[in-house]
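Heads up: the structure comes next, in structure tokens.
These numbers come from the heavy atoms of this one structure, side chains and all, not from hydrogens, waters or symmetry mates.
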Amino acid sequence: MARIRPFRSEDVDALTDVCVKTADVGKDATGMLEDDALWGDLFAVPYALRDPGLCWVVEADDARVIGYIVATDDTNAFATWFRDEWWPSRRDRYRASGAAVPTPQDRFIAYGDRQAPGDDPIVREYPAHLHIDLLPETQGQGLGRRLIETLLAELGRRGVSALHLGMNADNLSAGAFYERLGFTKLASGDGSTTYGIRIPAV
């Protein structure tokens, strides 16, 4: 039976592996970018390294990491750190193609380059955000729900009032999952949908 445990430093490569294998609307995105590690460097690893207390992994019986949840309790503070510290430490690894039509990797590099604090009304109202990824073998065990409940409990202990997440608008099953957990749709457009949830004070 798979179990949930806190993130450990030796899990970094596994986070990237799970991120890559779920990045194409829940399917394997291996080879979609020139360097698969870019997925993890944008959407998983920086969260775990900046605040390990908001990262949990799903560990299979054979000790493989087969899922995770990562988060920040302050989106603008995370964006400042990402822009000033994390991305400069990683950016030189990833080379833009220079092609007239941007490649998928070019678009994700540009996403990293754009990260910065701002005055987004959703972020003001829902300051925390998360990323969660689970390999297909985890399905049907309630692990996604347990990961989110674990995160919400910790955010509540920290006094965080609300959390949001963004997802690919085509991932209808994920949207239905979040709605079952009490998330509400906040905005959609440009191929993405944003959900939010209030966190009871502890």
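Sorted by first then second residue, the side-chain hydrogen bond (donor to acceptor under 3.5 Å, both in side chains) pairs that include residues 134-149, not counting sequence neighbours, are Arg64-Glu137.
With rounding to the nearest 0.5 angstrom, the CH2 atom of Trp87 is 11.0 Å from the CZ atom of Arg114.
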Q: Check the pair Arg198, Tyr126 against side chain to side chain contact (heavy atoms under 4.5 Å, CB included), reporting the backbone distance first and the verdict last.
A: CA-CA 8 Å; Arg198 304 287 182 186; Tyr126 299 82; 3.5 Å; yes

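Ring-plane geometry between Phe108 and Phe43 is classed as perpendicular, the angle between the planes exceeding 60 degrees on a 0 to 90 degree scale with a lower cut at 30. Using a 30° and 60° split on the angle between ring planes, His131 and Tyr47 fall in the perpendicular class, above 60°.
One N or O on the side chain of Arg91 and one on the backbone of Tyr94 form a donor-acceptor pair closer than 3.5 Å. One N or O on the side chain of Asn76 and one on the backbone of Gly118 form a donor-acceptor pair closer than 3.5 Å. Counting only distance, with no hydrogens or angles, the side chain of Thr22 and the backbone of Leu134 share no donor-acceptor pair below 3.5 Å. Under the 3.5 Å distance criterion, the side-chain polar atoms of Glu154 are left unmatched by any main-chain donor or acceptor of Thr150. Gln105 places a side-chain N or O within 3.5 Å of a backbone atom of Glu34 that can act as its donor or acceptor partner. Remark: the backbone N or O of Pro102 is paired with a side-chain donor or acceptor of Arg107 at under 3.5 angstrom.
Side-chain contact check for His164 and Thr194: no donor-acceptor pair (N or O, by modelled atom type) lies under 3.5 Å. For the residue pair Ser173 and Asn171, a side-chain donor N or O sits within less than 3.5 Å of a side-chain acceptor on the partner. For the residue pair Ser97 / Asp106, a side-chain donor-acceptor distance below 3.5 Å is found, with atom types taken as modelled.
The 12-atom threshold is not exceeded at CG of Asp190, counting heavy atoms of other residues, nucleotides or ligands nearer than 6.0 Å.
Ion pairing between Lys21 and Asp28 fails under the 4.0 Å rule for side-chain N and carboxylate O.
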